[in-house]
Structures are given as C-alpha cells and as structure tokens.
Amino acid sequence: MATQDNNRFQAIIAHAKEYGFVFPSSEIYDGLSAVYDYGPWGSELKKNIRDYWWKSMTQLHENIVGVDAAIFMHPTTWKASGHVDNFSDPMIDNKDSKKRYRVDHLIEAHVETLSKEEGNVLIAAMDKLLAAEDFAGLKKLIEDNKIKCSISGTANWTDVRQFNLMFKTEFGAVAAEVNEDENIVYLRPETAQGIFVNFLNVQKTARMKVPFGIAQTGKAFRNEIVARQFIFRMREFEQMEMQFFIRPGTEGDWYKYWKEARLQWHLSLGIPAEKYRYHDHVKLAHYAKEACDIEFEFPIGFKEVEGIHSRSDYDLSQHQVYSKKKLQYFDNDIDETTGKPYGNYVPYVIETSIGLDRMFLLILSQAYDEEVIPREDGAAETRTVLRIPAKLAPIKLAILPLTKKDGLPEIARAIMNDCREDFYCFYEEKDAIGKRYRRMDAIGTPFCITVDHQTKEDQTVTIRYRDTMQQERIAISDLRALVKEKIR
RNA sequence: GCGGAAGUAGCUCAGUUGGCAGAGCAUCAGUUUCCCAAACUGAAGGCCGCGGGUUCGAGCCCCGUUUUCCGCUCCA
C-alpha cells in the first residue's frame, strides 16, 4: 500500500468521524473491535444508498419483490446452509513459525507421509476426537504423532482453539434445563437464508412466476479472525442481497445478465468505470457454477464490494432435505422441445450480494477530495469537499441568509418550510458565508442558496454548486423543482 | 495471534535535567460583515489512555495493561 494512499485512507477515516459520519462503537469504553456506529450524516448517507439500491431492485423490476426476514433463524437453517460445519474448524498455531493451521488439514497432511494402515488409524482417531470436540485430545494426538510445522520444523504448538464464524446467543428467557445447546440460536452470518426459507411464502403470496427475484437488506454478523480496515470489514454489517430464481438451464444467461446489470448500477452513480473491475473466481465453492466479484479501487487497493454467484439449486435443495418440505415450483410454460410444461423443479439461483457498509465506504472514498485552490495573493488554500452524488447526499440543500438581520432570516425560513417536505434541508445563519459554504462542502451538501438584499427586491436567490463553487441567480419559485430534478 | 510505533482540549500538535497544563483551529455568547474557512471582544473546554512503582514532587523515568496505526499471520 502506497503511503500516500494510506494517508488518504486515514484522512477519510478522520473526516468521517469529525463530520458525523462514522464513529467507533462504544468509544467512551475504548471501543469495540471492528464495530462502528453511523452518525447523523452517516446514517442519512447509508439510508440513501440503501433506498437507492432497494428502489432499483424492487420498484424498477416488476419481477423482484422484497422481504424483511428476522435475524434469528431456526438453528437447522445453518446446518442446511453449511455454515455450522464449514466454519467452525478447530485451529492450532505453531509458536515458532506463527503459522496457523486447521487441525484437520494439519493431520491429513501428516497422514500423506504414513503408510495406509497407519494413516487410517490416525484419521479414525482424529474423526472421533473432532466429533467429540475434544480439543485437548486433538493436541495430544498431534504431539503424540510428533507432527511438525512445515515452516519452523518444530512441534511447539499452542492449544487447539475453536474458530467460530457465527455469533451464538441464547434463545428464550429461561435457561435450558438439561442441555444448554438446546437454546442456542445464531445471529445470521448472511441474509440470504432468510430469502431461501421464505421462497414458497413469497412466490405464492405475491404470485411470482419464475424467473423472479427476492430482495432483502439487513444486518449480518461474522466473527472475523482479524478485523481491520475501518468499516470495510466489520463484525456487524449490513448486506443488500437479491436472490433471483430461474429455470434450470438458464443460469448461464442470467448470470451474465446480472453481472452486467450490477456493474451498470454502480456506474449509474457517475463513478468512473476505471475504478471498477470484475474478479472472476477460479476456485469455486462446490455448489457454484460461476462466481465473480465487482471490485472497486479503494484507497487500500482493489477490493470486493459486491459478489454475483450462480448458486445452482444448492440452497433450496439443502432446505428441502433438512426441512422435509418441498421447495419446488410448477412451471406452466411450454417447453418447445417437448411441447409440454416444464413442470415441477427446484429453481436455480443467481445471487447478487453487496455490502452496504462497503458501498458506503466506496462512496466516501470516491467523494473525498482535498481541492487546492490558488488564492489571489499567490498562496494556496485547501478545500475539503465530499463530492457525493447529489441523490445520495445526506443534506440536499443548505439555506443561508447572508446576514442575520434586515429580514433575511425570515425569508430563508420561509424557503426552508417550503422545501423540507421534499428533501433534506439545512438552515444556518451563523458565521461568514464562506465558512458556511465550506462546512457544507465537508459533509457533501450539493446545493447552497443564499438569501441577500436583492432577494427582497426580486424574489431571487443565488444557488451555489458544491463541485464547481459556481453561483447563479434563480427565482425562489423555481428552486424546489430545480433541486428535485438534480437529485433524481 | 506475533513484532514495531503512538496515545496530552472536539481536531492538529507543543510541553525544557522531573517543578503551576499550553498554542492554533474548532465550539459557545456578543460585536462586525453583501458571497467562499483568516475581523473584534469574551467564555467554556483536561483523571496528560488506564493501573501500579520510583520521587518531596511524574505529562515526562520504570513495570503492567488497554486502544489505535504499521508490518507479518488468518480470511467461506
């Protein structure tokens, strides 16, 4: 990471805190690692991004509807999805090389060096201990077999520790009497499963026909091993996901469609295309047919903002097995090759999944600018401005009386009352006008109007544009329509 | 998780061999001001990250701890 870019990233983080966008969580108690809170302008910006996504998915697609599923889900959900088994692997660290291994991988690698009989004995012993979650036994097994770290060559191991992706919590106000595991529920590590388990409810009640999509935004929770990089990687974060259900055999076309459509959504915000790239996955999960990330060039380099995955019928099929309920769709459309309806099938799924917090960071990173303005006396000053797309800006219009006398505040207040119902307005009469403009620049307000003495004569105000600092005179009567048009 | 650096006002930082806690900006109350952060007056703002120790006396020295940053490690 270039120092300059890193400085820029630090400046963005400092700016986000200083101007009420993002605060470290529980800061008065020294913070909580990898958890952040959104402040007054941050929560507005985040909401605006969420709304923009939501509208583009639901309101603008007749075949996509939304759900708002609970964060708590039946624990079997996560067995079906694979999260319980795949993401709770015991780990062990070599104290000399600092290398961390999954215990099963470490032992399996050692088995390769043994004879078949010895290997099978060891694997059997390992499986037994893994099933019993006997971590002390696993460590002893590693030590007894003199398994060494391939880097340091030593057998100086830490204790075996559990790596848990999912947060657990206790469900029900009364403690379990016998087995405390009975009351365990997880905080969802992804919102997608809330869509899959509601597949039939939504399809039937909203009378959806394949192909159709279900969209959802909401919080998800993951225990990351290390958590850093500001809001890029958080333990509590918000996803915006859409699962698109399709007829098997059409997944290639739909994958291509959504891959392109999602990039176009990003570009619709006016962000330059060269800041984006696709990253096609080479190593695919066993159920995936195709997968790619949309990456954005953050100050910390190209990083994933959004994923598009062709998930086959894996999730719905898994839920069929675990729930013993049919999750199928009867397709009345005629298959031209047979002349008969396509009939019953488990739909395939194309998933688009974008991190709302990452999108927020993307907008902030793209918007943040320290503009150098040459002054008349030859010196230069710096203007810190957030060039947030107008439709996403927390405050759309600042209404500023040039002075706080001569009836100007009264006129400004009247304009405020006229506009605030339609978009977020901000009134301020303190300090010199230039200072107020710059404060608005710092939080990304795209438009400021100033009420001056001429306003009293001809009912016009100056509108000042954030990005260019240009001003023009417009009639008060045209103001509301002008701003509404610019924030569409 | 390991190693390094840092933590003083809201922000950026100064603080002398260990001797009264400081500046600029920001904030607040006024005055001034007809368009881009820089006018004037005043006020408020601090467990010097936290806990021990040394000392007559610690922001400063020692130990521990915590948070952040940087590098490594891990990451479906």
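Numbered from 1 within each chain, the chains take letters A, B, ... in sequence-line order. Since we're looking at a predicted model, the values are computed, not measured.
- At B:rC11, one or more side-chain N or O atoms of A:K17 fall inside 4.0 Å of OP1 or OP2 (strictly under the cut-off).
- In summary, the side chains of A:Y186 and A:T169 do not present any donor paired with an acceptor at a separation below 3.5 Å, with no hydrogens or angles considered.
- Residue-level contact check: A:R439 touches the backbone only, with heavy atoms under 4.0 Å from sugar-phosphate atoms and none from bases.
- Residues that satisfy the side-chain hydrogen bond (donor to acceptor under 3.5 Å, both in side chains) test with A:D369, not counting sequence neighbours, are A:R387.
- For the pair A:D406 and A:A442, both in contact range of RNA chain B, the more 5′-proximal nearest nucleotide belongs to A:D406.
- The base of B:rC35 is paired with the side chain of A:D452 by a donor and an acceptor separated by under 3.5 Å.
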Requested in this report: For RNA chain B, produce a single dot-bracket line, 5' to 3'. Pairs: Watson-Crick or G-U wobble, both distances under 3.5 Å. Symbols: ( ) within strand, [ ] crossing, | other strand, . unpaired.
Outcome: (((((((..((((.....[..)))).(((((.......))))).....(((((..]....))))))))))))....
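- The list of ring-ring contact (aromatic ring centres under 6.0 Å, His included) pairs with a residue in residues 457-487 of chain A, not counting sequence neighbours, reads A:F447-A:Y465.
- Contact check, A:K404 against B:rU33: no side-chain N or O comes under 4.0 Å of OP1 or OP2.
- A:H266 is not listed as a side-chain neighbour of A:F296, based on a closest heavy-atom distance of 4.5 Å or more.
- Out of B:rC35, B:rC11, B:rC28, the shortest distance to the side chain of A:T450 is found at B:rC35.
- Judged by atom type and distance alone, A:R464 reaches the base of B:rC36 through a side-chain donor-acceptor pair under 3.5 Å.
- Look at CD on A:E472: it is 17 Å from C1' on B:rC36, rounded to the nearest Å.
- Comparing A:L408 and A:I13, the nucleotide of RNA chain B nearest to each residue sits closer to the 5' end for A:L408.
- Remark: the A:E18 side chain and the B:rC11 base include no donor-acceptor N/O pair separated by less than 3.5 Å.
- For B:rC35, neither phosphate oxygen OP1 nor OP2 lies less than 4.0 angstrom from any side-chain nitrogen or oxygen of A:Q454.
- Distance CD1 (A:I300) to P (B:rC69): 11 Å, rounded to an integer number of Å.
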